[in-house]
Number of protein chains: 2
Amino acid sequence: METVKAKKYHHGNLEEALVLAGLREAQASGTRNLGVTHLAKSVSVSPMAVYRHFSSGESLKAAISQNARENLAHRMQAAALAVSGTRNRFRALGEAYIHFALTEPGLFSVAFVACDVPPAREDDPSAWGVLQAGIQELCDDGLIAQSATESVAAFAWSSVHGFAMLANGLDPVRPQATPEDISKLLDLVWDGILGA
Amino acid sequence: METVKAKKYHHGNLEEALVLAGLREAQASGTRNLGVTHLAKSVSVSPMAVYRHFSSGESLKAAISQNARENLAHRMQAAALAVSGTRNRFRALGEAYIHFALTEPGLFSVAFVACDVPPAREDDPSAWGVLQAGIQELCDDGLIAQSATESVAAFAWSSVHGFAMLANGLDPVRPQATPEDISKLLDLVWDGILGA
DNA sequence: TTTACTATGTTTAGAGCATACACATTTGAA
DNA sequence: TTCAAATGTGTATGCTCTAAACATAGTAAA
């Protein structure tokens with residue numbers, strides 16, 4: 001029987017289980033409870049078992065953070081695929097990004113937490129890559145010059161990421177964001193892009 | 001003699017000394033070494049002495065973070081005062097913000113670190129307030145409608161803050177920012193604002 | 001000046017966390 | 001079957017945060 005996983009000496013897939021537990025914690029309380037001991041306990045394993053799969057607590061945290069970023073990138077892709085039209089598709093990327101920050105503040109903050117250790121592999125998919133694909137489409141449609149892709153990408157990412165962080169309340173600054181605020185921001189970003 | 005401060009049982013101004021030590025640490029290594037024990041040691045005081053001035057390590061960190069933000073706000077004000085013309089002055093705010101992030105990455109990351117504890121008082125001056133003053137000036141000059149100030153403020157802040165974080169390398173994403181990148185970003189922001 | 005109160009530091013001690021080292025169990029390949 | 005590699009446990013060290021009790025210095029009133 002595969003359906004009942006008896007409790008064995010060997011866990012079976014501890015690495016994945018730890019990351020998943022970390023994501024659950026992140027969802028509930030952000031960066032706070034991502035320690036080795038806490039996560040080990042949450043999957044019923046001794047703290048030292050973690051080190052068979054991660055070289056340090058920091059690298060476990062980095063893996064969790066990476067997974068959260070990939071989660072975001074997936075949602076962006078899905079949002080873009082769900083609508084048609086170059087502009088709508090591009091706008092959907094920004095909406096998905098901000099929606100993620102607002103509905104999953106814990107995951108969002110973990111996704112962009114500064115880790116001492118770099119992630120083991122590249123993000124797959126990466127939010128940055130998804131954005132670039134969207135911008136290439138703008139380019140193909142003649143909405144912006146090929147030479148402008150770099151700066152447009154930096155501008156779009158910056159605006160949306162900055163707004164997400166602020167709206168999210170992550171930073172010790174200011175009020176909440178309404179759907180109108182989000183819409184207006186994306187309008188302004190679009191204006192900036194076309195004006196280039 | 002005031003010039004030689006003999007080592008006394010009472011420190012004299014421990015609260016300020018701790019925050020200053022924290023800022024020095026932040027400048028050197030960001031968020032890493034802002035613990036109670038470490039900072040206490042760096043001003044030659046026992047760890048418990050800290051708690052006569054801060055209710056917890058978190059609240060000390062919050063005070064350091066606040067001081068870093070005020071430092072940023074001061075630089076923005078100074079930059080704005082140094083140039084003339086509404087547009088130049090507004091642009092100088094963004095330049096100062098990004099320049100701060102790039103030249104003082106440690107302070108910048110501490111300034112916007114998520115603290116469990118809210119700051120004891122309001123930021124004074126606050127970067128947000130300085131920005132709003134700049135935007136009011138745009139409004140007074142008839143460059144934007146009074147009704148647009150809110151969304152323009154959110155847009156400008158978001159773009160510059162997001163760019164600063166990304167350029168800073170704080171986030172686990174992408175390459176460096178050149179002066180041209182910065183200039184282009186501010187151009188795009190300006191376009192977006194005027195298009196509103 | 002003496003006394004007493006308040007502010008500010010120190011010492012001691014306990015809890016929690018990261019992690020090095022030695023040991024135990026399981027798995028899988030020869 | 002047998003043994004080496006992979007994976008997990010237990011124990012121990014050293015770090016941090018912080019509570020409690022104690023010590024010293026500054027200050028104000030008698």
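Within every chain, numbering begins at 1; the chains are lettered A, B, ... in the order of the sequence lines, protein sequences first and strands thereafter.
Nearest-nucleotide mapping onto DNA chain C: of B:Val50 and A:Pro47, the residue sitting toward the 5' end is B:Val50.
Rounded to whole angstrom, the span from the CZ atom of A:Arg52 across to the P atom of D:dG10 amounts to 14 Å. With rounding to whole Å, B:Asp116 atom CG is found 11 Å from D:dT18 atom P. Rounded to an integer number of Å, the gap from B:Tyr51 OH to C:dT10 P is 14 Å. In this structure, A:Met48 places its CE atom 14 Å from P of D:dT11, rounding to the nearest Å. The CG atom of B:Leu60 sits 10 Å away from the P atom of D:dT18 (whole-angstrom rounding). Rounded to whole Å, the distance from CG on B:Leu39 to P on D:dT18 is 13 Å. Rounded to an integer number of Å, the gap from CG of A:Leu14 to P of D:dG8 is 5 Å. The distance between atom CG of B:Asn33 and atom P of D:dT16, rounded to the nearest whole Å, is 10 Å.
Applying the 4.0 Å criterion to OP1 and OP2 of D:dG8, one finds that A:His53 has a side-chain N or O inside that range. For the pair A:Ser46 and D:dG8, the criterion of a side-chain N or O lying under 4.0 Å from OP1 or OP2 is not met.
Candidate nucleotides D:dC17, C:dA18, D:dT9 were compared by shortest atom distance to the side chain of A:Val36, and C:dA18 ranks first.
Every residue meeting the side chain to side chain contact (heavy atoms under 4.5 Å, CB included) condition with B:Glu58, not counting sequence neighbours, appears here in chain and number order: B:Ser56, B:Lys61, B:Cys115, B:Asp116, B:Val117.
For the pair B:Met165/B:Phe108, a side-chain contact is recorded, criterion being any heavy-atom separation below 4.5 Å from C-beta on.
Salt bridge present: B:Arg121 and B:Glu70 bring a charged side-chain N and a carboxylate O closer than 4.0 Å.
Using a 4.0 Å heavy-atom distance criterion, B:Val45 is classed as a sugar-phosphate-only contact.
Counting only residues at least two apart or in different chains, salt bridge (Lys or Arg N to Asp or Glu O under 4.0 Å) contacts with residues 79-99 of chain A comprise A:Arg87-A:Asp187, A:Arg89-A:Glu137, A:Arg91-A:Glu95, A:Arg91-A:Asp187.
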